Amino acid sequence: MANLKQQKCTACTGDSPAVTEEEINQLQPDIPEWDIKEENGEKRLERVFKFPDFKSALNFTNKIGEEAENQEHHPALLTEYGKVTVMWWTHAIQGLHRNDFIMAAKTDEIANKLH
């Protein structure tokens with residue numbers, strides 16, 4: 001299987017399957033710093049990235065936005081002074097899809113290039 005960060009997202013609909021617990025256990029080691037949280041009954045991937053200032057945090061936010069547009073899969077982003085909170089989940093299925101793990105890996109790659 002190709003590295004998650006090298007994969008592309010696939011189009012999702014309300015009929016797309018959410019990842020199973022077994023799939024989560026297989027995918028999560030590729031994104032070890034991400035937490036799985038539940039909000040409003042939906043599982044989400046969440047990670048907080050730290051930066052020295054707002055300008056750096058905003059630059060990171062914009063780079064994530066560019067990749068999200070390229071992949072047609074969009075996160076929730078909270079940009080603050082010195083940090084960005086990123087949450088990935090698939091709205092159409094109200095939970096986690098493989099796309100979310102792919103985008104989390106791509107987000108890590110973006111962060112690594114900026115640090």
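Only a predicted model underlies this, so the values are computations on that prediction, with no experimental measurement involved.
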Self-check item: Glu80 CD: over 12 foreign heavy atoms closer than 6.0 Å
Solution: yes
Quiz prompt | N/O donor-acceptor pair under 3.5 Å between Asn99 side chain and Thr10 backbone | solution = yes
Exercise. Report yes or no: does Thr90 contribute a side-chain atom to a donor-acceptor pair with the main-chain N or O of Ile93 at less than 3.5 Å?
Key: no
Quiz item: Counting N and O atoms only, with roles assigned by atom type, does the side chain of Lys106 sit under 3.5 Å from a partner on the main chain of Gln7, one being a donor and the other an acceptor?
Solution: yes
Practice problem: Check whether any side-chain heavy atom of Cys9 sits under 4.5 Å from a side-chain heavy atom of Glu72, and report yes or no. | Solution: no
Practice problem: Given salt bridge (charged side-chain N to carboxylate O under 4.0 Å, His left out), test Glu38 with Lys43 step by step and report yes or no. | Solution: CA-CA 4 Å; Glu38 195 163 311; Lys43 286 186 180 178; 5.7 Å; no
Quiz item: Does Arg44 come within less than 4.0 Å of Asp100, counting only side-chain N to carboxylate O?
Solution: no
Practice problem: Carefully, step by step, assess Met87 and Leu45 under the rule side chain to side chain contact (heavy atoms under 4.5 Å, CB included). | Solution: CA-CA 5 Å; Met87 287 182 286; Leu45 296 175; over 6 Å; no
Quiz item: Where does the angle between the aromatic ring planes of Trp34 and Phe49 fall among parallel (under 30°), tilted (30 to 60°) and perpendicular (over 60°)?
Solution: perpendicular
Quiz item: For the residue pair His97 and Trp89, is the inter-centroid distance of their aromatic rings smaller than 6.0 Å?
Solution: no
Quiz item: Do Ile24 and Glu21 touch side chain to side chain, with heavy atoms closer than 4.5 Å?
Solution: yes
Quiz item: Any side-chain heavy atom of Leu27 sitting closer than 4.5 Å to one from Arg98?
Solution: yes
Self-check item: Glu33 atom CD: more than 12 heavy-atom contacts under 6.0 Å
Solution: no
Quiz item: Backbone N or O of Asn59 within a donor-acceptor pair of the Asn62 side chain at under 3.5 Å?
Solution: no
Exercise. Ignoring hydrogens and angles, tell me if any N or O in the side chain of Gln94 forms a donor-acceptor pair with the backbone of Glu42 under 3.5 Å.
Key: no
Practice problem: Show your working on side chain to side chain contact (heavy atoms under 4.5 Å, CB included) between Trp88 and Leu96 and close with a plain yes or no. | Solution: CA-CA 8 Å; Trp88 290 104; Leu96 292 174; 5.8 Å; no
Practice problem: Would you name the heavy atoms of Phe60 and Val86 that are closest together and state the gap between them? | Solution: CE2-CG2, 4.2 Å
Self-check item: Trace of the side chain to side chain contact (heavy atoms under 4.5 Å, CB included) decision for Ile102 with Lys8
Solution: CA-CA 7 Å; Ile102 291 169; Lys8 291 190 66 68; over 6 Å; no
Practice problem: Using atom types as modelled and distance alone, determine if a side-chain donor or acceptor of Ser16 lies under 3.5 Å from a backbone N or O of Thr13. | Solution: yes
Quiz item: What distance do Asp108 atom CG and Lys5 atom NZ have between them, rounded to the nearest 0.5 Å?
Solution: 9.0 Å
Exercise. Taking Asp53 for its side chain and Ser56 for its backbone only, find out whether a donor-acceptor pair lies under 3.5 Å.
Key: yes
Self-check item: Single-linkage hydrophobic cluster, 4.5 Å side-chain cutoff, Tyr81 and Leu58 together
Solution: yes
Quiz prompt | Student check: side-chain heavy atoms of Leu114 and Lys63 closer than 4.5 Å | solution = yes
Practice problem: Quick one: do Thr85 and Leu77 satisfy side chain to side chain contact (heavy atoms under 4.5 Å, CB included)? Show the steps, please. | Solution: CA-CA 6 Å; Thr85 303; Leu77 299 165; over 6 Å; no
Quiz item: Does Ile36 belong to the same Ile/Leu/Val/Met/Phe/Trp/Tyr cluster as Val19, with side-chain heavy atoms less than 4.5 Å apart forming each link?
Solution: yes
Self-check item: Test item: Glu23 side-chain N/O and Thr20 main-chain N/O as donor-acceptor pair under 3.5 Å
Solution: yes
Quiz prompt | Backbone N/O of Ala57 and side chain of Thr61: donor-acceptor pair under 3.5 Å | solution = yes
